[in-house]
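What you see is a predicted model; the values in this text were computed from it and never measured.
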Amino acid sequence: MKRDLPPLNALRAFEAAAVRQSFSEAAELLHVTHGAVSRQIRLLEAWLGTPLFERHHRQVRLTDAGRGYLADVRAALERIETASARLRQGPLPLRVNAPATFTLRWLIPRLSRFQLAHPHVEVKLTTSSEPVAQLADSFEVAIRGGPQALPGFIAHEFLQESRLPVCSPGLLERLPLASPADLVRHTLLHTAGSPEFWPQWLDAAGVPDLQPAASLTLEHFYLTLQAALDGLGVALGPSRLIADDLAAGRLVQPFAGPRLEDWRYFAYVPETRDGHPAVAAFCRWLAQADHG
């Protein structure tokens with residue numbers, strides 16, 4: 001079967017230049033000259049009949065057509081590389097390290113979607129809250145809050161969240177919350193490592209001196225959320241990590257605001273692994289996991 005395809009070398013040059021927004025960096029990555037990358041890009045643009053880059057002094061930017069083309073080209077090249085690697089060496093390993101609460105509340109409930117879409121990637125998942133630079137085990141992706149300046153790593157942002165008070169429907173029925181001042185009748189649930197959350201929220205809500213009926217401090221945040229689910233008190237829940245509980249009615253948000261802007265989640269990838277097909281597929285999936 002004859003296929004009307006552009007030259008493969010031109011596609012590789014285009015992907016490298018598009019991701020790095022630089023012909024020079026693409027040339028270094030591909031171990032060719034700047035001129036060779038430029039020629040391949042011109043060849044591809046001529047073949048397509050449309051410009052893919054805007055050329056500026058020492059900088060290039062993708063055109064609208066180029067951005068759309070990049071998404072399709074990257075997906076196609078990754079599928080070819082994944083299929084080839086499968087025949088050469090079996091499943092692609094992907095070692096992922098993430099905080100325990102994030103793993104339990106967000107990642108695991110969605111991970112089956114990634115496995116269905118990428119059956120030849122073998123995910124090996126560990127949990128930790130250690131700084132990325134101090135992780136003893138090797139990994140392809142470490143999920144942490146940020147942004148953090150980490151030399152030798154590429155940061156891919158994929159999730160933002162905010163915090164609001166949450167409690168069980170049963171607790172709210174017993175002790176209604178019409179305004180933040182009504183928290184005076186409730187137990188506030190704290191996490192040992194984040195004692196500042198409730199004072200910050202109460203200050204933003206206009207009741208900085210509120211004294212609750214009781215306070216309960218738990219060692220880990222997933223224990224704090226479980227205490228809220230079991231009706232022990234009111235917690236400050238991160239919006240993305242409790243989205244499934246809210247949708248199922250296991251937790252409710254008695255107030256519309258104020259919201260505490262909270263973590264932005266990033267996938268930190270060692271520079272030596274950025275662009276690896278399993279890593280690229282996983283980072284792309286992370287960015288889309290809450291949108292379908």
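Within the 3.5 Å criterion, the main-chain N or O of L62 finds a donor-acceptor partner in the side chain of R67. At least one donor-acceptor pair under 3.5 Å links the side chain of D182 to the backbone N or O of S179. Looking only at distances, no side-chain donor or acceptor of R250 sits under 3.5 Å from a matching main-chain atom of L246. Distance alone, capped at 3.5 Å, places no donor-acceptor pair between the W201 side chain and the R259 backbone. Using a distance-only test at 3.5 Å, with no hydrogens or angles considered, a donor-acceptor pair links the side chain of R163 to the main chain of L236. When atom types are taken as modelled, the side chain of D203 and the backbone of P199 share no donor-acceptor pair closer than 3.5 angstrom. Distance alone, capped at 3.5 Å, places no donor-acceptor pair between the E54 side chain and the T63 backbone.
A distance of 11.5 Å separates CG in L52 from CG in D64, rounded to the nearest 0.5 Å. For the atom pair Q253 CD and I242 CD1, the distance stands at 5.0 Å (nearest 0.5 Å). Separation of atoms CG (L251) and OG (S168) is listed at 7.5 Å; rounding is to 0.5 Å. A distance of 11.5 Å separates CG of L44 from CG of N9, quoted to the nearest 0.5 Å. The distance from atom CD1 of I143 to atom OG1 of T103, rounded to the nearest 0.5 Å, is 7.0 Å. Atoms CG and CG, on L202 and L183 in that order, are 6.5 Å from each other to the nearest 0.5 Å.
Annotation: ring pair (Phe, Tyr, Trp, His ring centres under 6.0 Å) contacts of F282 (sequence neighbours excluded): F114, W285. Under the rule for a side-chain hydrogen bond (donor to acceptor under 3.5 Å, both in side chains), S22 has no partner lying at least two apart in sequence or in another chain. For the side-chain hydrogen bond (donor to acceptor under 3.5 Å, both in side chains) test, no residue two or more places apart in sequence or in another chain qualifies with T217. Shown here are the salt bridge (Lys or Arg N to Asp or Glu O under 4.0 Å) partners of D4, two or more places apart in sequence or in another chain: there are none. By the side-chain hydrogen bond (donor to acceptor under 3.5 Å, both in side chains) test, R284 pairs with E78, sequence neighbours left out. Residues satisfying the ring pair (Phe, Tyr, Trp, His ring centres under 6.0 Å) test with F53, not counting sequence neighbours, are F14, F23. By the side-chain hydrogen bond (donor to acceptor under 3.5 Å, both in side chains) test, R185 pairs with no residue at all, sequence neighbours left out. Remark: Y222 engages H220 in a ring pair (Phe, Tyr, Trp, His ring centres under 6.0 Å) (not counting sequence neighbours). Looking at residues two or more places apart in sequence or on another chain, you find no salt bridge (Lys or Arg N to Asp or Glu O under 4.0 Å) involving E161.
Under the 4.5 Å side-chain criterion, counting only non-hydrogen atoms from C-beta, L260 is not in contact with S162. Within the 4.5 Å cutoff, no side-chain heavy atoms of T126 are placed close to those of V96. Side-chain contact between P109 and D244 is present, with at least one heavy-atom pair separated by less than 4.5 Å. A 4.5 Å side-chain heavy-atom check between F255 and L177 finds at least one atom pair inside the cut-off. The shortest distance between side-chain heavy atoms of P99 and F221 does not fall below 4.5 Å. A heavy-atom distance below 4.5 Å is found between the side chains of L77 and E15. Two residues are said to be in side-chain contact when any heavy atoms from C-beta on lie closer than 4.5 Å; P7 and L43 meet this criterion.
Surrounding CD of E173 are at most 12 heavy atoms belonging to other residues, nucleotides or ligands under 6.0 Å away.
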Mind running side-chain contact (heavy atoms from CB on, under 4.5 Å) on W106 and T101 for me, showing each step along the way?
CA-CA 8 Å; W106 191 91; T101 299; over 6 Å; no
For side-chain contact (heavy atoms from CB on, under 4.5 Å), just list the numbers for R113 and L116, CA-CA rounded to whole Å, side-chain angles, deciding distance to a tenth of an Å, and then say yes or no.
CA-CA 5 Å; R113 303 177 200 167; L116 286 172; 5.8 Å; no
List the steps and the verdict of side-chain contact (heavy atoms from CB on, under 4.5 Å) for V141 and R95.
CA-CA 6 Å; V141 177; R95 295 164 296 183; over 6 Å; no
Take R61 and H56 through the side-chain contact (heavy atoms from CB on, under 4.5 Å) test and state the conclusion after the steps.
CA-CA 8 Å; R61 291 196 186 95; H56 303 279; 3.3 Å; yes
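Residues A267 and C283 share a closest heavy-atom pair of CB-SG, 4.1 Å. Here the closest heavy-atom approach between residue P270 and residue F139 is recorded as CG-O, 3.8 Å. Closest approach of L210 and P180 over heavy atoms only: CD1-O, 3.5 Å. Between L172 and C167, the closest heavy-atom pair is CB-SG, 4.0 Å. Closest heavy-atom contact between A36 and V32: CB-CB, 4.1 Å. For the pair L218 and A227, the tightest heavy-atom approach, listed with the atom from each and the gap, is CD1-CB, 4.3 Å.
Between Y265 and F102, the ring centre distance stays below 6.0 Å.
The hydrophobic cluster containing L223 does not contain V166, counting ILVMFWY residues as joined when their side-chain heavy atoms lie under 4.5 angstrom apart, directly or transitively. Put simply, L159 and L164 are part of two different groups of oily side chains (I, L, V, M, F, W, Y) that touch within less than 4.5 Å, one to the next. Linking Ile, Leu, Val, Met, Phe, Trp and Tyr whenever their side-chain heavy atoms come within less than 4.5 Å leaves F266 and I154 in two separate clusters. There is a path of hydrophobic side-chain contacts, each under 4.5 Å, that joins L48 to L8. Residues I41 and L30 share a hydrophobic cluster, clusters being chains of Ile/Leu/Val/Met/Phe/Trp/Tyr side chains in contact below 4.5 Å.
Identified under the side-chain hydrogen bond (donor to acceptor under 3.5 Å, both in side chains) test for residues 143-159, with sequence neighbours left out: N97-R144, H156-D274, E157-Q160, E157-R264. Applying the side-chain hydrogen bond (donor to acceptor under 3.5 Å, both in side chains) test to every pair with at least one member in residues 23-52, sequence neighbours left out, gives these pairs: S38-R42, E45-R55.
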Per-pair distances, 0.1 Å, donor-acceptor, side chain in residues 186-195, under 3.5 Å, sequence neighbours excluded:
residue: H186; atom: NE2; partner: L175; partner atom: O; Å: 3.0
residue: T191; atom: OG1; partner: T224; partner atom: OG1; Å: 2.7

